[in-house]
Engineer: 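Take a look at this one; I'll ask things after.
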Amino acid sequence: MLEWYDAHARVLPWRVPPGSGEAADPYRIWMSEIMLQQTTVVTVKAYFERFTARWPTVADLAAAEDAEVMGEWAGLGYYARARNLLKCARVVVADHGGSFPNTEAELLTLPGIGPYTAAAVASIAFDQPAPVMDGNIERVMARLFAVEAPLPGSKPVLKAHATRLTPAERPGDHAQALMDLGATICTPRSPACGICPLMAACFARAQGIAADLPRKAPKKVKPTRLGYVYVARRADGALLLETRPEKGLLGGMLAFPTSEWSDAPEEAPPFEADWRDTGVEVRHTFTHFHLRLTLRQTEAPMDLAPERGEFVPEALFKPSSLPTLMRKAYDLSETDHDPA
DNA sequence: AAGGCGGGGAC
DNA sequence: GTCCCAGCCTT
């Protein structure tokens, strides 16, 4: 596995090339692992570059304003990660002298760091033989040992296989090798068994069932929820926006006011006005439901003091600081701005 | 143990 | 449209 990795390791912004002798920066490894949770490498790259350029050290990040970090994270999703990222940076500075702890057990106590991330940081940044388990490695183990029991019940068996294979030497490169393999060869559909370095050892390949593994429990159907979203613009271009509550969907993110989201939502405009029915529907799909928001718009008087949210001057408003649902509403709203 | 929690790309 | 992704937290 390590020979294959030395020859084929992907070049990634947070990765130290194998054999370079360079030490990995725990801050950068941690940052990349948080961003990579349930998120593809392609998506993460640009965010990782922006974050590390703006905040080069954990102390820089710990000193940042909450709104700056949430705005920079906008579009990446799973916003609890951004809130925990900042919490974690502040704990590392306040309680660990600005250096990440170097054991799996200590890392596991930090906000936003669970079993996967603790093992990944311990092995990649600190060269400790902590067995790393993620979706890629689960799939590789299920195929390598032809585990036919469905996920998530089979997780303990897959973890046992991964633990047994974790070497004392270069455990971080071993873990990254398995993840690279899962991402490029042992893919969910149409695995490229013909060029796989583990071809000779793989039981699923021998049985011709590689593409059928891992089996998974059937998923639930996503319901559709409805609602209204209210875009109010003043003559000077300022937009009415609010910061959503810390907990829950899009927590801590900038947003246009909306009604409740349900089967039969009631209108809930942020202030009394002649709200135009634009005839536009904003469609978006979250992890567990589809959403359709009817777009309402109005011109707000300059002297209005809203009870919800506040008017953000045009010069201070960055569309890129909105989560994608709200960015869609902004792009679909009728204005003189260029949707491109 | 189960459910909440984003978004984009591949098919 | 569905499935998947370097998962974590709450209940």
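Each chain gets a letter, A, B and so on, in the order its sequence line appears, and its residues count up from 1. All values below were derived from every heavy atom in this structure, side-chain atoms included, with hydrogens, water molecules and symmetry-related copies excluded. Bear in mind that the values here come from a model prediction, so they are computed numbers and not experimental data.
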Engineer: Taking only side-chain N and O atoms of A/His288, does any of them lie within less than 4.0 angstrom of OP1 or OP2 on B/dC5?
Structural biologist: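 Looking at the OP1 and OP2 atoms of B/dC5, one of them is under 4.0 Å from a side-chain N or O of A/His288.
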Engineer: Tell me the interatomic distance from A/Lys45, atom NZ, to B/dG8, atom P, rounded to whole angstroms.
Structural biologist: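 Atom-to-atom, A/Lys45 to B/dG8, this comes out as 18 Å.
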Engineer: Quick one: list whatever passes ring pair (Phe, Tyr, Trp, His ring centres under 6.0 Å) with A/Tyr78, sequence neighbours left out.
Structural biologist: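 Counting only residues at least two positions away or on another chain, A/Tyr78 forms no ring pair (Phe, Tyr, Trp, His ring centres under 6.0 Å).
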Engineer: Name each donor-acceptor pair under 3.5 Å that joins a side chain in residues 217-229 of chain A to protein atoms two or more places apart or in another chain, with its distance.
Structural biologist:
residue: A/Lys222; atom: NZ; partner: A/Phe286; partner atom: O; Å: 3.4
residue: A/Lys222; atom: NZ; partner: A/Thr287; partner atom: O; Å: 3.4

Engineer: Once you round it to whole Å, what is the distance between P of B/dG7 and CE of A/Met35?
Structural biologist: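 After rounding, the reported distance stands at 15 Å.
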Engineer: Under 3.5 Å, side-chain donor or acceptor atoms of residues 300-309 of chain A against the rest of the protein: list the pairs with distances, not counting sequence neighbours.
Structural biologist:
residue: A/Arg308; atom: NE; partner: A/Glu242; partner atom: OE1; Å: 3.2
residue: A/Arg308; atom: NH2; partner: A/Glu242; partner atom: OE2; Å: 3.0

Engineer: Rounded to whole angstroms, how far apart are CG on A/Leu76 and P on B/dG8?
Structural biologist: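 Between P of B/dG8 and CG of A/Leu76: 10 Å.
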Engineer: With a non-hydrogen cut-off below 4.0 angstrom, is A/Gly248 in contact with a base, only sugar-phosphate, or nothing?
Structural biologist: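 If one applies the 4.0 Å heavy-atom cut-off, A/Gly248 turns out to touch the sugar-phosphate alone, with no base involved.
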Engineer: Rounding to a whole Å, what distance do you find between A/Met70:CE and B/dG6:P?
Structural biologist: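 Spelled out: CE on A/Met70 to P on B/dG6 is 9 Å.
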Engineer: When the P atoms of C/dT10 and B/dG6 are compared, how many Å lie between them, rounded to an integer?
Structural biologist: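 14 Å, rounded to whole Å.
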Engineer: Between A/Thr324 and A/Pro152, just flag the one whose closest nucleotide in DNA chain B comes earlier from the 5' side.
Structural biologist: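 Result of the comparison: A/Pro152.
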Engineer: What one-letter contact string describes nucleotides 4-11 of chain C from 5' to 3', where B marks a base within less than 4.0 Å of any protein heavy atom, S marks contact via sugar-phosphate atoms alone, and - marks no contact?
Structural biologist: SBBBSS--
Engineer: Can you list everything that forms a salt bridge (Lys or Arg N to Asp or Glu O under 4.0 Å) with A/Asp212? Sequence neighbours excluded, please.
Structural biologist: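 A/Asp212 satisfies salt bridge (Lys or Arg N to Asp or Glu O under 4.0 Å) with no other residue.
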Engineer: Can a side-chain donor-acceptor contact be found between A/Thr52 and A/Trp55 if the only test is distance below 3.5 angstrom?
Structural biologist: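 Result is no, nothing qualifies.
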Engineer: Where do A/Phe51 and A/Tyr27 land on the ring pair (Phe, Tyr, Trp, His ring centres under 6.0 Å) test, with the steps shown first?
Structural biologist: CA-CA 11 Å; A/Phe51 267 73; A/Tyr27 170 66; 9.7 Å; no
Engineer: Do any side-chain nitrogens or oxygens of A/His284 fall under 4.0 Å of OP1 or OP2 in B/dG7?
Structural biologist: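 Yes, A/His284 has a side-chain N/O under 4.0 Å of OP1/OP2 on B/dG7.
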Engineer: Taking the P atom of each, how far is C/dA6 from B/dC11, in whole Å?
Structural biologist: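 Comparing P positions in C/dA6 and B/dC11 gives a spacing of 14 Å.
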Engineer: Check every strand shown and say whether A/Leu250 touches a base, only sugar-phosphate, or nothing at a heavy-atom separation below 4.0 Å.
Structural biologist: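 Touches sugar-phosphate only.
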Engineer: Expressed as a whole number of angstroms, how long is the span from A/Lys155:NZ to B/dA2:C1'?
Structural biologist: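 For the pair A/Lys155 NZ and B/dA2 C1', the rounded distance is 13 Å.
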Engineer: Expressed in whole Å, how much space separates the C1' atoms belonging to C/dC4 and B/dC5?
Structural biologist: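 Between the two C1' atoms, the distance is 16 Å.
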Engineer: Pair up each side-chain donor or acceptor in residues 139-147 of chain A with any protein partner under 3.5 Å, not counting sequence neighbours, and list the distances.
Structural biologist:
residue: A/Arg139; atom: NE; partner: A/Cys186; partner atom: O; Å: 2.7
residue: A/Arg139; atom: NH2; partner: A/Asn136; partner atom: OD1; Å: 2.8
residue: A/Arg139; atom: NH2; partner: A/Gly182; partner atom: O; Å: 2.8
residue: A/Arg139; atom: NH2; partner: A/Cys186; partner atom: O; Å: 3.4
residue: A/Arg143; atom: NE; partner: A/Ala210; partner atom: O; Å: 2.7
residue: A/Arg143; atom: NE; partner: A/Leu213; partner atom: O; Å: 2.9
residue: A/Arg143; atom: NH1; partner: A/Cys186; partner atom: O; Å: 3.3
residue: A/Arg143; atom: NH1; partner: A/Thr187; partner atom: O; Å: 2.8
residue: A/Arg143; atom: NH2; partner: A/Thr187; partner atom: O; Å: 3.1
residue: A/Arg143; atom: NH2; partner: A/Pro188; partner atom: O; Å: 3.0
residue: A/Arg143; atom: NH2; partner: A/Ala210; partner atom: O; Å: 3.4
residue: A/Arg143; atom: NH2; partner: A/Leu213; partner atom: O; Å: 3.0

